[in-house]
Protein chains: 2
Amino acid sequence: MEAVTIKDIAKALNLSTSTVSRALRGSYEINAETKKMVLEYADKVNYSPNPIALSLKENKSRTIGVIVPEIANNFFSQAINGIEDVANKRGYHVVIFQSHESYEREIKNVQHIIARKVDGLLISLSGQTENVSHLLDIQAKKLPLVLFDRVSEKIEAHKVVADNFDGAFKATEHLILSGRRRIAHVTSPSLLSISQERLMGYKTALEKYQIPYDESFVKYCGFEPEEAQKLIFNLIENQKPDAIFTTSDRLALDCFSALKELGISVPDKLSFIGFTNLKVAHLLAPSLSTIVQPAFEIGQTAAELLVDLIEKKQRNAEHLKTIKIPTEMVIRKSSDLS
Amino acid sequence: MEAVTIKDIAKALNLSTSTVSRALRGSYEINAETKKMVLEYADKVNYSPNPIALSLKENKSRTIGVIVPEIANNFFSQAINGIEDVANKRGYHVVIFQSHESYEREIKNVQHIIARKVDGLLISLSGQTENVSHLLDIQAKKLPLVLFDRVSEKIEAHKVVADNFDGAFKATEHLILSGRRRIAHVTSPSLLSISQERLMGYKTALEKYQIPYDESFVKYCGFEPEEAQKLIFNLIENQKPDAIFTTSDRLALDCFSALKELGISVPDKLSFIGFTNLKVAHLLAPSLSTIVQPAFEIGQTAAELLVDLIEKKQRNAEHLKTIKIPTEMVIRKSSDLS
DNA sequence: TTGTACGCGTTATCAT
DNA sequence: ATGATAACGCGTACAA
């Protein structure tokens, strides 16, 4: 009973496939009655065009590929939300791949995704990615490409990012204005663009208030389970910060956990601000002020741009651009974490 | 430079497309030299077959559809992780749709996914889904179908779930054995299979220790932001429980948050256990003992089963089965949440 | 061993 | 206004 095709309709109605096709897409001049008949019958038998045949014909898959480091990461799952939102509205499928923060897997994903003939690619770089030749390959193939969130200076491409500099600047400034001076910065691997941009914001804020920059107050933390704990203990014991600016839910939570073990009270001894998304962070760490990451909007914007690129709807789509999505600061005043 | 096809190779090598095709798939008897030549050339020009053409020919998309309530939910993102893990290994794409806990959107997703000609469907039901006729439609179309985590009694199909009864029983028993008697149960909407199964586990444990079951100690909580808070305040003030058994990260965190506002200490006045995944929960709520949800394994198992169904590799795939994945209990002893 | 021809579902082009 | 045909890329039955 399945898979009713144009051919079936044509046969049933004693028409040619071309007539049916025209009737279905309404376009060409066609006898109103014939058209009506076809439409009714098609509706009755629940006809829907075979997207695979369409793809073959148009040499398009109406699919966009997405490569992210980790789907079970609040930032990326929200970003994917935004991507799917736009993609579905505009008639595209989304296929998702994870690099699991591995450069090699990222390359494999890129190859796989190219072989699968997606119409365009959205990518957020792994924590290990330094070389971007796999992305240059994509550009060489004229495959529409948009980098989001974790981008690279080494490639000229369309990019959608959060305004990390501004967010980090405001975060640091907020801590300074609360009277803190020994402000530590616990952040993601130094290879990442987001780390670099945030570090610049942090440094610039220190400069503005003439607080000397001390490298030992900045800790880059990878994705291994144990890594953060050690590093944070170390930081707190040696540098004795009076504030910490962290850059993700995970790092913020790791910090809180460490502080709890050390019996250090927040925000009395330590003041906090982080780049986070998670409501969880707010719920359990009421003293954590936050620079809200515009994950959903980044996803939406990146997808919108990519689809425009694919469909060449934007005249100025050819000239590269980097879109910065603003962040929002949420200040928490409660002090009842203990 | 793109899109090199069999035809191109044939032309370049002065062969027919069929010869090239045969050489590529290695199968048929073919001159060893010709074969080698073709393979080398194909490799050189970086040939890869057009999956869309394949799909059209075989009437298969090598794509599986997944419908979940919400991707930005730790349980489901981990489950999707498991699904992708298996799917990619076995050469399938995964397309993900979200019902956002809405019955209507779930139906639309199902329709859309059918029109897109996926080879099979994995679904976890929305919190509103009572009627499953959209799933019966799928079965009528002979489209392989596997339900996971949130399933329904109203449809006979392959199902993969956590052992919710067992987990809930052990959770409740643990609280009882710690000396608690006024054990509340804060859980997801009563429509959901997981809620029902867990309630049974809870009840059975109470029975075993001859603690009378009091309906007012069970609170079903939907997905609206404010809902949980009110309900929990109400529960604590009226029923004055000495323990709470919750069934998700979100609900557990909402409870902790409410308790903090009420100034109730954990675990002195209240003891806790929850069905959770999140490391976050452990980090910030050391007093929260946990029944670990086997999200990743559920995803893997469901995907494995679905692909088997699609490829009919399993002889006994025809006869329906429900696979239960065991849960694991992690007891936290710390009492330093305050 | 290799080449020719067809079909998968659709639309565009060129008749009629 | 409508029908016949080619084409998208591939695999394969059949012919040579």
Side-chain angles (χ1 to χ4, degrees), chain A residues 1-42 45-63 91 93 114-119 141 311, chain B residues 1-39 41-42 45-63 91 93 114-119 141:
Chain A
M1 65 160 67
E2 286 343 300
V4 33
T5 74
I6 274 192
K7 208 183 277 182
D8 299 327
I9 300 182
K11 201 169 291 174
L13 263 45
N14 262 320
L15 289 170
S16 77
T17 56
S18 11
T19 306
V20 175
S21 173
R22 280 189 287 249
L24 255 17
R25 38 187 21 249
S27 48
Y28 262 69
E29 303 151 4
I30 193 174
N31 187 315
E33 283 183 45
T34 317
K35 185 171 170 178
K36 194 180 156 200
M37 180 197 299
V38 172
L39 255 29
E40 275 172 8
Y41 185 77
V45 297
N46 220 318
Y47 168 81
S48 88
N50 183 327
I52 297 173
L54 264 314
S55 293
L56 180 59
K57 183 137 199 50
E58 298 170 7
N59 198 24
K60 293 192 37 179
S61 57
R62 290 200 81 80
T63 295
H93 265 327
I114 289 175
R116 281 292 201 155
K117 300 243 184 295
V118 298
D119 293 343
K141 290 196 197 314
E311 299 180 350
Chain B
M1 71 160 60
E2 284 344 299
V4 33
T5 73
I6 274 191
K7 209 184 278 182
D8 300 326
I9 300 182
K11 202 169 293 173
L13 264 44
N14 263 320
L15 289 170
S16 78
T17 56
S18 24
T19 306
V20 176
S21 172
R22 281 189 286 248
L24 255 17
R25 35 185 25 249
S27 49
Y28 261 67
E29 302 153 4
I30 194 176
N31 188 315
E33 283 183 44
T34 317
K35 184 172 171 179
K36 194 181 157 202
M37 181 195 299
V38 171
L39 255 29
Y41 185 78
V45 298
N46 220 319
Y47 167 83
S48 86
N50 183 329
I52 298 173
L54 263 315
S55 293
L56 181 60
K57 184 144 196 45
E58 298 170 7
N59 197 25
K60 294 192 38 179
S61 57
R62 290 200 79 81
T63 295
H93 266 327
I114 289 175
R116 283 294 201 151
K117 300 242 185 293
V118 298
D119 293 343
K141 291 198 196 314

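Below, chain A is the first sequence line, B the second, and so on; all start at residue 1.
- Ser16(A) has a side-chain polar atom (N or O) that falls below the 4.0 Å cut-off from OP1 or OP2 of dG3(D).
- Thr34(B) contributes no side-chain N or O that forms a donor-acceptor pair with the base of dT1(C) under 3.5 Å.
- Of the possible polar contacts, none joining the Thr17(A) side chain to the Ile6(A) backbone as a donor-acceptor pair under 3.5 Å is found.
- Asn59(B) comes within contact range of no nucleotide atom at all, as no heavy-atom separation falls under 4.0 Å.
- Distance, Leu13(B) CG to dG3(C) C1': 15 Å, rounded to whole Å.
- For dT10(C), the OP1/OP2 oxygens have a side-chain nitrogen or oxygen of Tyr47(A) closer than 4.0 Å.
- One interatomic measurement links the two molecules: CZ of Arg25(A) to P of dG9(C), which rounds to 18 Å at whole-angstrom precision.
- Among the nucleotides dC10(D), dT2(D), dA12(C), the one closest to the side chain of Leu54(B) is dC10(D).
- Using a 4.0 Å heavy-atom distance criterion, Leu56(A) is classed as a base contact.
- One interatomic measurement links the two molecules: NZ of Lys7(A) to C1' of dT11(C), which rounds to 14 Å at whole-angstrom precision.
- Rounding to whole angstrom units, NZ of residue Lys117(B) and P of dG9(C) are separated by 9 Å.
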For nucleotides 14-16 of chain C, which of its nitrogen or oxygen atoms have a protein nitrogen or oxygen under 3.5 Å away, and what is each distance?
none

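- With rounding to whole Å, Glu33(A) atom CD is found 15 Å from dT2(D) atom C1'.
- Between Leu24(A) and Val38(A) there is a side-chain heavy-atom pair separated by less than 4.5 Å.
- Residues Val20(B) and Leu13(B) form no side-chain contact, since every pair of their non-hydrogen atoms from C-beta on lies 4.5 Å or further apart.
- Judged by closest nucleotide on DNA chain C, Asn14(B) is the one of Asn14(B) and Ala53(A) placed further toward the 5' end.
- Rounded to whole angstrom, the span from the CD atom of Glu58(B) across to the P atom of dG7(C) amounts to 18 Å.
- The distance from atom CG of Asn50(B) to atom NZ of Lys57(B), rounded to the nearest 0.5 Å, is 13.5 Å.
- One finds the CD1 atom of Ile52(B) at 7.0 Å from the OG1 atom of Thr63(A) (value rounded to the nearest 0.5 Å).
- For Ile6(A) and dA12(C), the CD1 to C1' distance is 12 Å, given to the nearest whole Å.
- Note that CE of Met37(A) is 6.5 Å distant from CG of Leu15(A), once rounded to the nearest 0.5 Å.
- Contact annotation: Thr19(A) does not reach the phosphate of dT2(D) (side-chain N/O to OP1 or OP2, under 4.0 Å).
- The NZ-C1' distance, from Lys60(B) to dC10(D), rounds to 15 Å in whole Å.
- Using a 4.5 Å heavy-atom threshold, the side chains of Lys117(B) and Pro51(A) count as touching.
- Sequence order on DNA chain C of the closest nucleotides to Lys57(B) and Lys57(A) puts Lys57(B) first from the 5' end.
- Within the nucleic acid shown, Leu15(A) comes within 4.0 Å of sugar-phosphate atoms alone, with no base atom in reach, counting heavy atoms only.
- The base of dA4(D) sits within donor-acceptor range of the side chain of Ser18(A), with an N or O pair under 3.5 Å.
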